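Here is the structure we will look at, set down as structure tokens.
Nothing here was measured: the structure is a model prediction, and the numbers come from that model. Here, residue 1 is the first one in the sequence, and each next residue gets the next number.
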Amino acid sequence: MEKTCSETSNLRTMADAGEPARGKKKYSHSKVVCERLMKLQFIGALKFMESASQRPWLFFLILLIFSIFSRADQFCDAGLGFAESTCGTTSSSKLLIKGGTVVNAHHQEVADVYVEDGIIIAVKPNIKVGDDVAVLDATGKYVMPGGIDPHTHLAFEFMGTQTVDDFFSGQAAALAGGTTMHIDFVIPVNGSLSAGLESYEKKAKKSCMDYGFHMAITKWDEVVSQEMEIMVKEKGINSFKFFLAYKGALMISDELLLQGLKKCKSLGALAMVHAENGDAVYEGQERMIELGITGPEGHALSRPAVLEGEATSRAIRLASFVNTPLYVVHVMSIDAMEEIARARKAGQRVIGEPVVSGLILDDSVLWDPDFVNAAKYVMSPPIRSSGHDKALQAALSTGILQLVGTDHCVFNSTQKAVGIDDFRKIPNGVNGIEERMHLVWDTMVESGQISVSDYVRITSTECARIFNIYPKKGAILAGSDADIIILNPNASFEISAKSHHTRSDTNVYDGKRGKGKVEVTISGGRIVWENDELKVVPGAGKYIEMPAFSYLFDGIGKADAQYLSSLRAPVKRSQSTNLHSS
């Protein structure tokens, strides 16, 4: 037991990931709780054993009981040091959030929020409760739906390694930053969707918050087509991702994309694309190597914005040809954004998802002489030159882009160092699952670009609507899940690799400061983040099934009918007598 208490958390057991142990400060309370528990158990046992020394049967009974209770710190070891029974105080199933400004995507009001058994029961002023209800004072603060991150990669096997954040550590970091649900991407195993899902279900058993799944499609045959149907109708997956990049690994052809778009349409599932021209990227990489450009800057130079714009345009046009909605993930450039704007203006149903790194960073960091610092910014599509970030912010504020993700896909500096002599070998990915809510508030709300209600829409509600789980998620309404944050607009935050909760030893936002701090996170009715302290339990998270045919499919059938009626074909032609006689 002494060992597990001193190691308080899986998040600090990083040797297997090639990382130094960090973060002692943020888990110190957990360690104290465990050590006090150990000390009390030990002293108590000594007293009992002294009185039982003449009774062997009682002595062995006490040893058995002590053994059972000494295992009570299992959550200290497996999680961030807290379980309802031993490592923290028991959370009430009844909770009242009093006096805050309740913000939804469509309105805000000063009201109380009453929660019972993980569900919001009432939202109205001056709710009266009994003494058995825990009360949080939110006066002067915003009470909002917890964030939903639509784009993450936890426990992701990629480029010969695996991301350092699994479904526990990544979700714990998310909760510390005000995100209470995420949607991760299942990668098929040898093309098999069922095998891929089974693998990810095992990975997700340690989840400490709610989550859903997208599914990638990496090959096409009748089995895959049938499995897509099973995923939608039986497994609660309503979106499929197609990679137009990563030639030789995940990339698919236009022929496969067309087949996938047609199948998605028939199932009422949303097609998603990683839009970069994979063939041209491969050519760009070869060109950089020939020029002797092998460092992280070669990554950005090999896959310019024009290739993202081309692939985005191609995917949009093929989706229009099939007449099915399209979701473009991690929009990183003006080129891609303008293609989305053009399509939406024409009435096409295209969703554009920027990610935090693209909204606030620029590619100058990739030219840093320090390889470790430069390599941590390598992701695909790459972070663009200055100017793209501001343009994406403007597009988000005007509705051209609809919601914000992170593409949280974290590799540590040891893993990134594999590509020290060849940028093509640097594992692609950056962090963001913990920082998203704070950075979007500071960048978009504090600057006056969007309203507080808009903030709720782009960080939570729109994601819930797109993936058909609203208002269960993404709302502070009676009947909604009690996934709630309390944000203090007057408090400040500072991001540091030394104090963040991800397992990574680096952070692409290290040193950034801003206004607007998530002070409380409530997940499923439990307070999991308060006073800069996490109280999370592995296995507490639930898989959220996402039904097919979201609002994006409304009217698709009518549009198809109009198309057919507009064809004026087939034309009935009479065969001429000349042709008969010949």
Side-chain angles (χ1 to χ4, degrees), residues 5 8-9 11-12 22-37 73 75-76 79-102 112-113 115 118 133-147 168-169 171-180 208-209 433-439 441-442 482-502 507 512-538 540:
C5 281
T8 63
S9 128
L11 290 182
R12 291 175 57 194
R22 299 178 300 99
K24 291 184 179 179
K25 182 177 180 180
K26 60 180 174 290
Y27 306 121
S28 59
H29 179 76
S30 168
K31 183 176 180 180
V32 169
V33 171
C34 288
E35 288 175 345
R36 286 178 179 172
L37 178 64
D73 70 316
F75 291 105
C76 297
L80 289 180
F82 294 92
E84 290 187 356
S85 58
T86 61
C87 298
T89 56
T90 301
S91 295
S92 170
S93 63
K94 299 176 182 179
L95 178 66
L96 178 68
I97 305 169
K98 198 163 184 62
T101 300
V102 177
D112 299 344
V113 179
V115 172
V133 178
V135 179
L136 286 173
D137 184 4
T139 304
K141 302 172 185 178
Y142 292 113
V143 180
M144 305 173 174
F168 180 76
S169 66
Q171 291 180 354
L175 291 168
T179 288
T180 53
C208 57
M209 76 178 192
I433 200 169
E434 181 173 359
E435 298 80 10
R436 180 182 71 122
M437 298 293 282
H438 289 113
L439 290 173
W441 178 275
D442 185 63
D483 294 341
I484 303 168
I485 62 171
I486 299 176
L487 186 146
N488 185 345
N490 299 312
S492 298
F493 67 86
E494 180 176 0
I495 296 169
S496 171
K498 295 180 180 179
S499 60
H500 66 195
H501 297 81
T502 174
N507 190 311
K512 288 195 175 294
R513 300 179 181 182
K515 200 98 173 282
K517 188 176 191 302
V518 175
E519 294 187 334
V520 178
T521 303
I522 298 162
S523 176
R526 291 184 71 246
I527 299 171
V528 293
W529 173 255
E530 186 180 21
N531 300 322
D532 291 335
E533 187 178 289
L534 269 167
K535 305 174 183 178
V536 294
V537 180

Inset, instruction - Dump the intermediate steps for side chain to side chain contact (heavy atoms under 4.5 Å, CB included) on Ile522 and Ile97, then the final yes or no. - result: CA-CA 11 Å; Ile522 298 162; Ile97 305 169; 3.6 Å; yes
Legend entry - Within-4.5 Å side-chain heavy-atom neighbours: Trp529 and Ile485: no
Legend entry - Between CG on residue Leu136 and CD1 on residue Ile486, distance to nearest 0.5 Å: 5.0 Å
Legend entry - Non-hydrogen side-chain atoms of Met437 and Leu487 separated by less than 4.5 Å: no
Legend entry - Sub-4.5 Å side-chain heavy-atom contact between Ile433 and Thr502: no
Legend entry - Nearest atoms (heavy-atom pairs only) where Val518 meets Gly177: CG2-O, 3.9 Å
Inset, instruction - Using modelled atom types only, decide if a donor and an acceptor are shared between the side chain of Asp137 and the backbone of Thr139 within a distance under 3.5 Å. - result: yes
Legend entry - side chain to side chain contact (heavy atoms under 4.5 Å, CB included) involving Asp442 - partner list, sequence neighbours excluded: Glu446, Phe493, Lys515
Legend entry - Under the ring pair (Phe, Tyr, Trp, His ring centres under 6.0 Å) test, residues paired with Trp441 that sit two or more places apart: Tyr142, Tyr455
Inset, instruction - List in chain and number order the residues that pass side chain to side chain contact (heavy atoms under 4.5 Å, CB included) with Ser496, two or more places apart in sequence or in another chain; answer none if no residue qualifies. - result: Lys498, Ser499, Asp510
Inset, instruction - Working to the nearest 0.5 Å, report the span between OG1 of Thr179 and NE2 of His438. - result: 9.5 Å
Inset, instruction - Mind checking the CG-CD1 spacing from Asn507 to Ile495? Nearest 0.5 Å is all I need. - result: 6.0 Å
Legend entry - Within-4.5 Å side-chain heavy-atom neighbours: His501 and Leu534: yes
Inset, instruction - Check side chain to side chain contact (heavy atoms under 4.5 Å, CB included) between Asp112 and all other residues, then give those that pass, not counting sequence neighbours. - result: Leu96, Lys98, Ile127
Inset, instruction - Report the residues that fulfil side chain to side chain contact (heavy atoms under 4.5 Å, CB included) with Thr180, sequence neighbours left out, ordered by chain and then residue number. - result: Leu175, Asp483, Thr521
Legend entry - Sequence-distant partners of Glu530, salt bridge (Lys or Arg N to Asp or Glu O under 4.0 Å), two or more places apart: none
Inset, instruction - Would you name the heavy atoms of Pro489 and Gly140 that are closest together and state the gap between them? - result: CD-O, 3.9 Å
Inset, instruction - Could you grab the distance from atom OG1 of Thr101 to atom NZ of Lys141, nearest 0.5 Å is fine? - result: 12.0 Å
Inset, instruction - Please report the shortest heavy-atom distance between Ala491 and Glu519, naming the atom on each side. - result: CB-OE2, 3.8 Å
Legend entry - Shortest non-hydrogen contact between Ala172 and Cys208, atoms and distance: N-SG, 3.7 Å
Legend entry - Partners meeting side chain to side chain donor-acceptor pair (under 3.5 Å) with Lys512 (sequence neighbours left out): none
Legend entry - Gap separating the NZ atom of Lys535 from the OG atom of Ser523, nearest 0.5 angstrom: 14.0 Å
